[in-house]
Amino acid sequence: MSASITIREVITEPDVAAFWKQLHSYFIRDIFPDPEDEDRAYFLGEEYREQMQKIHDRPQNRCYYLIFRRDGQDIGFAMPVIYTEEDGKCFILEFCVYPEFRGSGIGRECAGVLLNWAEENGALYAELNYGGDHRRRHFWEKVGFLENGADEWGEPLLIRPPKADVPITIEVLADPEDWQLKKLENGFLREIGEEVLTEEKQKQLAQAIREGKITFFVAKRGYRSVGMCSVAKCFSTFACSDTGVFEDFYIEPVFRGKGTARKLAQAVQAWCGENGIASLTVCCAPCDEEMYQSLGFDTRLGITLAHIC
C-alpha cells in the first residue's frame with residue numbers, strides 16, 4: 001500500500017529555486033504551450049516572480065510554496081494565498097501534479113490534502129481561477145468546487161463554499177476603484193452574455209461613480225462583497241425632482257437564496273426615500289417580473305421603448 005500524500009513547505013533558497021524551475025516547466029507544458037501566447041513571457045519573467053515573492057514574504061495574507069510528497073518523492077506542487085486578515089479565503093494560484101504521477105485519483109487526493117492543509121492554516125473556504133479550461137473545471141468540481149462569477153479581469157471563478165453562514169450587511173460603495181466591484185460587474189456581465197469590462201470601461205465606470213451619476217450598493221459577507229446593485233439618478237419634469245433607475249442587480253450564484261436580494265432592494269428603496277428620489281424604476285425581462293414585484297417594484301408604468309445610439 002502506498003504511503004499517504006503529505007505537504008512540505010518550501011523555505012530554503014535552493015528549494016525555492018527548484019520550486020520555480022518546476023513552476024516554469026508547468027507553465028510551458030500545461031498552461032502556455034503556445035510560444036506565441038502573449039501571457040507566457042510575463043509568467044516566465046522576473047516581474048511575476050518578484051511580485052509573488054513579495055506576497056510570499058509578507059507577514060499576513062501570504063503566499064505559500066508547497067510540495068506534495070508520496071513514498072519519499074516529490075509528486076507535485078501548489079501555490080495558495082490565505083487571506084487571514086480578510087475573510088479566510090484560500091486562493092489557489094497554481095496547482096500541479098507532475099505528469100508521471102497523474103492518473104489513479106492522485107490529483108484529487110492532492111487537492112484534498114491541500115484543502116485540509118489550508119483549513120488547518122486558517123482558511124474558511126477556497127477559490128480559484130480555472131482560465132476557462134473545461135478539464136480543469138471538471139477536475140475541481142469533483143472535489144466540491146462550484147462555478148461562481150468572474151474575477152476583476154473577467155476570468156471565470158470556482159469556489160468551494162464556506163461552511164458557516166455569516167450575516168449579510170449592505171453598504172453604499174465608498175471606493176470607485178474597488179476591485180470587488182469590478183469582480184461583481186464581470187460576473188454579472190458574463191452571466192447575461194455580455195463582454196466583461198475593458199480597462200477603459202472600468203475607468204468610465206469609476207468616473208461616473210465619482211461624479212455621482214450612479215451610486216452602487218454592495219452586499220457584504222464580512223469582508224467579501226457577494227452582491228451589488230446600483231441607482232442611476234435623472235431629473236423628471238413630471239415629478240420635478242430626481243428619479244432613479246435600478247440596475248446592476250447581481251448576487252454571486254453560491255450566495256443566492258439567503259435573502260440577500262431582498263436586503264439589497266430594501267436598502268436601496270430606503271436610501272431613495274431619504275435622498276429625495278421620487279420613484280425607483282427597473283427594466284426587466286418578462287421572466288423576472290414576478291421577482292421584482294416581490295421586491296417592492298409593484299407599480300406598472302407601461303412599456304419601455306429604447307433607441308440604442
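Computed from a prediction, not measured in an experiment: that's the story for all the values here.
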Colleague: Should Trp271 and Phe217 be marked as a ring-ring contact (aromatic ring centres under 6.0 Å, His included) after you check the CA-CA gap, both sets of side-chain angles, and the distance that decides it?
Modeller: CA-CA 10 Å; Trp271 180 87; Phe217 300 77; 5.3 Å; yes
Colleague: Just how far is it from atom CG of Leu114 to atom CG of Leu66, taken to the nearest 0.5 Å?
Modeller: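 Taking CG in Leu114 and CG in Leu66, the distance rounds to 6.5 Å.
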Colleague: Checking Lys220 against Tyr223: charged group under 6.0 Å from the ring centre and within 45 degrees of the axis?
Modeller: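 Pair Lys220/Tyr223 counts as cation-pi.
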Colleague: Do Ile209 and Thr215 have side-chain heavy atoms sitting under 4.5 Å apart?
Modeller: no
Colleague: Taking the side chain as C-beta and beyond, is there a heavy-atom pair between Tyr26 and Phe77 under 4.5 Å?
Modeller: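 Yes - at least one pair of side-chain heavy atoms lies under 4.5 Å apart.
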Colleague: If you look at every heavy atom in Arg8 and Asp15, which pair is closest and at what distance?
Modeller: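 Minimum heavy-atom contact is NH1-OD2, 3.0 Å.
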Colleague: So does Glu100 have more than 12 non-hydrogen atoms from other groups sitting under 6.0 Å from CD?
Modeller: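 Buried by this count: over 12 neighbours within 6.0 Å.
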Colleague: Without swapping roles, check the side chain of Asn129 against the backbone of Glu155 for a donor-acceptor pair under 3.5 Å.
Modeller: no
Colleague: Of all the heavy-atom pairs spanning Cys229 and Leu264, show the shortest one and how long it is.
Modeller: SG-CD2, 3.9 Å
Colleague: How far does CD1 of Ile192 sit from CD of Glu194, to the nearest 0.5 angstrom?
Modeller: 5.0 Å
Colleague: Grab the two heavy atoms, one from Pro80 and one from Trp117, that are nearest each other, plus how far apart they are.
Modeller: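 Smallest heavy-atom distance, with atoms named: CG-CZ3, 3.8 Å.
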Colleague: Is the backbone of Ala111 close enough, under 3.5 Å, to the side chain of Arg108 for a donor and an acceptor to pair up by distance?
Modeller: no
Colleague: Does a side-chain heavy-atom distance below 4.5 Å link Glu109 with Ser104?
Modeller: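 Sidechains of Ser104 and Glu109: no contact.
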Colleague: Would you call Lys183 and Asp151 a salt bridge, using N to O less than 4.0 angstrom?
Modeller: no
Colleague: Of Asp242, Thr299, Thr243, Leu301, which is the lone residue that meets side-chain contact (heavy atoms from CB on, under 4.5 Å) with Ser279?
Modeller: Thr243
Colleague: Taking Asp30 first and then Arg40, would you say they form a salt bridge - that is, a charged N and a carboxylate O separated by under 4.0 Å?
Modeller: no
Colleague: Any salt bridge between Asp87 and Arg221, counting N to O under 4.0 Å?
Modeller: no
Colleague: Do side-chain atoms of Asp71 reach the backbone of Gln73 as a donor and acceptor pair under 3.5 angstrom?
Modeller: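 No, because the side chain of Asp71 does not come within donor-acceptor range (under 3.5 Å) of the backbone of Gln73.
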Colleague: Around Arg58, counting heavy atoms of other residues, nucleotides and ligands shown, do more than 12 lie under 6.0 Å from its CZ?
Modeller: yes
Colleague: Any idea which heavy atoms bring Asp37 and Phe32 closest together, and the distance?
Modeller: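 Between these two residues, the closest heavy atoms are OD2-CD2, 3.6 Å.
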Colleague: Decide yes or no for Glu252 and Ser225: does some side-chain heavy atom of the first lie under 4.5 Å from some side-chain heavy atom of the second?
Modeller: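 The answer is no; the side chains never approach within 4.5 Å.
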Colleague: Indicate yes or no for a side-chain donor-acceptor contact from Thr198 to the backbone of Lys201 under 3.5 Å, with no hydrogens or angles considered.
Modeller: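 Yes; judged by distance alone, with no hydrogens or angles, the pair exists.
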Colleague: Taking Arg256's backbone N and O only, do any of them form a donor-acceptor pair with Thr260's side chain (distance below 3.5 Å, no angle check)?
Modeller: no
Colleague: Can you tell whether the side chains of Glu50 and Lys54 come within less than 4.0 Å, N to carboxylate O?
Modeller: no
Colleague: Any side-chain heavy atom of Leu157 sitting closer than 4.5 Å to one from Glu147?
Modeller: no
Colleague: Is any NZ, NE, NH1 or NH2 atom of the basic residue among Lys182 and Glu199 found under 4.0 Å from an Asp or Glu carboxylate oxygen of the other?
Modeller: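 No, no charged N to carboxylate O under 4.0 Å.
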Colleague: Between Asp57 and Gln53, is any side-chain donor less than 3.5 angstrom from a side-chain acceptor?
Modeller: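 Asp57 vs Gln53: donor-acceptor pair found between side chains.
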Colleague: Evaluate the ring-ring contact (aromatic ring centres under 6.0 Å, His included) criterion for residues Tyr65 and His56: first the C-alpha distance (whole Å), next the side-chain angles of each, then the deciding distance (0.1 Å), finally the verdict.
Modeller: CA-CA 8 Å; Tyr65 303 155; His56 175 274; 4.2 Å; yes
Colleague: How many angstroms lie between CG in Leu181 and CD in Gln202, if you round to the nearest 0.5 Å?
Modeller: 9.0 Å
Colleague: Measuring only between side-chain heavy atoms, which start at C-beta, is Ile7 closer than 4.5 Å to Phe68?
Modeller: yes
Colleague: Does CZ in Phe235 sit with more than 12 non-hydrogen atoms of other residues, nucleotides or ligands closer than 6.0 Å?
Modeller: yes
Colleague: Do any N or O atoms from the side chain of Asn186 and from the backbone of Glu152 form a donor-acceptor pair under 3.5 angstrom?
Modeller: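 Looks like yes, one N/O pair under 3.5 Å.
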Colleague: Between CD of Glu290 and CG of Leu295, what distance do you get to the nearest 0.5 Å?
Modeller: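 Glu290 CD to Leu295 CG: 11.0 Å, rounded to 0.5 Å.
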Colleague: Could you tell me whether the side chain of Asp178 and the main chain of Gln180 form a donor-acceptor pair under 3.5 Å?
Modeller: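 Checking the backbone N and O of Gln180 against the side chain of Asp178, a donor-acceptor pair under 3.5 Å is found.
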Colleague: For the atom pair CD1 (Ile168) and CZ (Arg262), what is the distance rounded to the nearest 0.5 Å?
Modeller: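 Going from the CD1 atom of Ile168 to the CZ atom of Arg262 covers 15.0 Å.
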Colleague: Spell out, as yes or no, whether a donor-acceptor pair under 3.5 Å connects the side chain of Arg62 to the backbone of Ile82.
Modeller: no
Colleague: Using every non-hydrogen atom in the two residues, find where Gly212 and Lys233 come nearest and quote the distance to one decimal.
Modeller: O-CE, 4.2 Å
Colleague: Do the non-hydrogen side-chain atoms of Cys284 and Glu289 ever get within less than 4.5 Å of each other?
Modeller: yes
Colleague: Tell me, do Phe95 and Met79 make a side-chain contact under 4.5 Å, heavy atoms counted?
Modeller: no
Colleague: Less than 3.5 Å apart, any donor N or O on the side chain of Gln207 or Glu211 sitting next to an acceptor on the other?
Modeller: yes
Colleague: Leu44 and Phe27: which non-hydrogen atoms are nearest, and at how many Å?
Modeller: CD2-CB, 3.9 Å
Colleague: Over 60° means perpendicular and under 30° means parallel, so tell me whether Tyr98 and Phe101 are parallel, tilted or perpendicular.
Modeller: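 Tyr98 and Phe101: tilted rings.
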Colleague: Before you tell me yes or no, could you show the steps for Glu86 and Arg224 under salt bridge (Lys or Arg N to Asp or Glu O under 4.0 Å), namely the whole-Å CA-CA distance, both residues' side-chain angles and the distance that decides it to 0.1 Å?
Modeller: CA-CA 8 Å; Glu86 296 179 4; Arg224 184 188 181 103; over 6 Å; no
Colleague: How are the rings of Phe246 and Tyr292 set to each other: parallel, tilted or perpendicular (split at 30° and 60°)?
Modeller: perpendicular
Colleague: One thing to verify: whether Lys203 and Glu177 come together as a salt bridge, which I'm taking to mean a side-chain N less than 4.0 angstrom from a carboxylate O.
Modeller: no
Colleague: Any chance you could measure Glu127, atom CD, to Leu158, atom CG, to the nearest 0.5 Å?
Modeller: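 Reported value, rounded in 0.5 Å steps: 9.0 Å.
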